[in-house]
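Naming convention: chains lettered A, B, ... in sequence-line order (proteins, then strands); numbering from 1 in each chain.
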Amino acid sequence: MIDLRLLREDPDLFRASQRARGESESSVDRLIGADEARRSALTRFEAVRSEQKTLGKQVPRSQGEEKAALLERTKELAAEVKTTEAAVAEAEEELRLAQLAVPNLVESGAPAGGEDDYVVLKEIGAIPDIPEPRDHLALGEMLGAIDMERGAKVSGARFYYLTGIGALLENAVLQLGIQQAVEYGFTPMVPPVLVKPESMEGTGFLGAHASEVYYLQNDDLFLVGTSEVPLAAYHKDEILNLDGQPRRYLAWSTCFRREAGSYGKDTRGIIRVHQFNKAEMFSYCPPDLAHEEHLRLLGFEEEFLAKLELPYRVIDTAAGDLGSSAARKYDCEAWLPSQQRYREVTSTSNCTTFQARRLNVRYRDAEGKTQTVSTLNGTLATTRMLVAILENHQQPDGSVRVPKALQPLLGRDLLEPVA
RNA sequence: GGAGAGUUCGCCUAGUGGCCGAGGGCGGCGGUCUUGAAAACCGCUAAGGCAGCGAUGUCUUCCAGGGUUCGAAUCCCUGACUCUCCGCCA
């Protein structure tokens with residue numbers, strides 16, 4: 001939800017943002033119209049309601065004819081209150097719909113354009129020279145780590161079992177992420193993965209992403225696609241005491257995604273699956289520190305990828321490829337030898353006040369005034385990282401070297417093919 | 001799944017139709033007193049929309065949504081949630 005006051009002040013800011021996203025400016029104008037309509041409806045209602053209250057108080061104190069006249073007038077007013085109130089409700093509904101159609105204001109500096117217009121900020125680590133690399137599934141099967149066939153038998157396409165060392169490896173990766181985050185003062189959390197519609201909508205996942213989301217009709221609950229959802233909704237309708245500092249949480253949970261519309265893409269292995277695990281960073285932050293905090297989250301992600309000894313690059317996602325809540329997004333992409341290209345493993349978004357405004361999460365500033373917080377999120381550790389670990393650290397015989405940081409958690413420095 | 005109880009201002013609680021946006025206690029903040037602190041006493045103590053440069057005004061909010069009424073925290077209906085007991089499952 002964008003800031004209507006800012007919109008009134010500077011509508012062109014939002015028009016420019018829409019252009020950068022490659023989206024229509026008309027939704028901005030519709031919102032401006034809806035805002036004006038609501039305010040004038042509200043003014044009409046308040047005038048009538050105010051008179052009703054004033055006269056209503058005189059009724060019990062008056063007598064005879066005077067009372068009869070008052071009652072007649074207040075009766076009229078009651079009807080007017082009803083119609084003007086209905087007009088306000090209608091105008092508010094239109095405003096709400098118009099709000100949903102306008103995505104967050106893009107942060108200045110974000111590249112304009114679509115999916116392919118990202119800017120590479122840096123490339124870190126040497127791309128390994130592996131002649132005839134095996135892909136992660138081939139490796140995973142040799143190691144007895146990944147079982148896609150039985151995943152499909154039991155649950156269908158894009159489901160899998162992590163077995164043996166695969167299960168342990170995932171656990172170790174998540175655990176390493178948790179350790180790092182706790183070291184940096186994040187509050188660790190295990191969140192619910194089933195949430196109510198309002199929580200889903202509040203975080204902005206029922207808009208363009210609605211078809212991505214699993215829904216349990218019998219219970220009117222959604223399965224979350226990321227723990228960003230329960231983390232963002234955690235402080236819904238609260239006023240936080242931030243003391244001028246970001247408040248950071250780290251939640252790990254299973255994530256569920258329908259992957260609708262991705263037929264034929266990444267059908268091999270566990271790159272794109274319906275269910276995976278992820279440790280997600282989330283920060284509630286005073287807005288003036290949000291940009292800085294965003295870079296810090298990116299820093300945590302990079303530090304983590306370095307621990308996994310993965311070559312990666314950082315891209316600044318183009319405006320058109322941002323989610324509707326995000327003002328800016330940086331992705332870390334790890335190198336995949338089997339594909340000879342970089343693939344996304346982490347993603348951090350600055351949602352500024354967009355998400356918090358919808359969820360009504362505020363804080364008290366230094367003067368004690370309540371203001372909307374900024375929210376930010378970022379991936380720390382996830383199942384998909386197993387793909388990059390297996391492929392980048394593979395040896396000619398199919399064994400896989402274990403990055404130093406994971407060795408204590410796995411109790412070994414080499415994963416060896418079984419049988 | 002069955003039966004019952006409940007949801008009021010940070011917390012506890014009062015409030016069965018107008019004097020209630022709402023009293024009391026606790027907590028919090030400020031002050032008097034004190035060398036300092038405690039105690040005592042005094043005062044303040046919600047969030048939000050709209051209009052206004054501002055003082056301020058106005059409206060909304062007593063779980064939510066409908067209804068009755070000139071007027072609803074209070075009466076009626078529906079729903080959500082919480083708690084207790086029973087059953088069932090783990």
P-based separation of B/U13 from B/U68 [nearest Å]: 34 Å
Considering all heavy atoms, the nearest A/Leu194-A/Leu216 contact: CD2-CD1, 3.5 Å
Whole-Å C1' distance, B/C62 and B/U74: 10 Å
Sugar-phosphate only, base, or nothing, as touched by A/Lys196 at under 4.0 Å among non-hydrogen atoms: nothing
Euclidean distance for C1', B/U56 against B/A5 (whole angstrom): 46 Å
Nearest-Å distance once atom P is located in both B/G18 and B/A39: 40 Å
Residues A/Glu66 and A/Gln58: side-chain donor-acceptor under 3.5 angstrom: no
Interatomic distance at P, B/G23 relative to B/U34, whole Å: 34 Å
Distance, rounded to the nearest Å, where A/Asn360 contributes CG and B/A47 contributes P: 12 Å
Pair assignment for B/A51, Watson-Crick or G-U wobble, requiring both distances under 3.5 Å: B/U56
Spacing of the P atoms in B/C86 and B/G21 (rounded, Å): 44 Å
Euclidean distance for P, B/G17 against B/C85 (whole angstrom): 35 Å
Under-4.0 Å salt bridge between A/Glu344 and A/Arg384: no
A/Glu72 atom CD, over 12 foreign heavy atoms within 6.0 Å: no
Donor on one side chain, acceptor on other, A/Glu391 and A/Ser338, under 3.5 Å: yes
Any side-chain donor near an acceptor of the partner, A/Glu301 and A/Tyr330, under 3.5 Å: no
Whole-Å gap separating P (B/C70) and CD (A/Glu51): 16 Å
Distance-only side-chain donor-acceptor flag, A/Thr379 / A/Lys278, under 3.5 Å: no
Rounded distance (Å) that lies between atom C1' of B/G48 and atom CZ of A/Arg358: 19 Å
Phosphate-side-chain proximity, A/Thr74 and B/G71, N/O vs OP1/OP2 below 4.0 Å: no
Salt bridge A/Glu293-A/Arg248, side-chain N to carboxylate O under 4.0 Å: yes
Atom C1', compared across B/C89 and B/G2: separation rounded to whole Å: 16 Å
Identity of whatever pairs with B/G23 - Watson-Crick or G-U, under 3.5 angstrom: B/U13
Check: A/Glu309 and A/Lys404 side chains under 4.5 Å, non-hydrogen atoms: yes
Rounded interatomic separation in angstrom, taking CD from A/Gln371 and C1' from B/A47: 14 Å
Integer-rounded Å distance: B/U69 P and A/Gln52 CD: 13 Å
Side-chain heavy atoms of A/Cys255 within contact of A/Thr383, under 4.5 Å: no
Those residues of residues 35-43 of chain A lying under 4.0 Å from RNA chain B by at least one heavy atom: A/Arg38, A/Arg39, A/Leu42, A/Thr43
From A/Trp252, A/Tyr284, A/Phe300, A/Tyr249, residue fulfilling ring pair (Phe, Tyr, Trp, His ring centres under 6.0 Å) relative to A/Phe186: A/Phe300
Sugar-phosphate, base or nothing in reach of A/Arg5, heavy atoms under 4.0 Å: sugar-phosphate
B/C29 pairs with, by Watson-Crick or G-U criteria that keep both distances under 3.5 Å: B/G43
Distance test, side-chain N/O of A/Arg44 to OP1/OP2 of B/C50, below 4.0 Å: no
Atom pair distance, as rounded to whole Å: CG in A/Leu221 and P in B/A80: 13 Å
Pair assignment for B/G4, Watson-Crick or G-U wobble, requiring both distances under 3.5 Å: B/C83
Under 4.0 angstrom between A/Arg364 side-chain N/O and B/A47 OP1 or OP2: yes
At a cut-off of 3.5 Å, list every protein nitrogen or oxygen paired with a nitrogen or oxygen from nucleotides 60-65 of chain B, distance to 0.1 Å.
residue, atom, partner, partner atom, Å
B/U60, OP1, A/Arg49, NE, 2.2
B/U60, OP1, A/Arg49, NH2, 2.9
B/U60, OP2, A/Lys53, NZ, 2.8

Sugar-phosphate, base or nothing in reach of A/Arg8, heavy atoms under 4.0 Å: sugar-phosphate
Whole angstrom value for the distance that separates P of B/C70 from CD of A/Glu66: 18 Å
Proximal nucleotide (of B/G48, B/C50, B/C70) relative to the A/Thr370 side chain: B/G48
Whole-Å gap separating P (B/C59) and NZ (A/Lys82): 20 Å
Lys/Arg N to Asp/Glu carboxylate O, A/Arg96 vs A/Glu93, below 4.0 Å: yes
Assigned partner base of B/G65, Watson-Crick or wobble definition, under 3.5 Å: B/C77
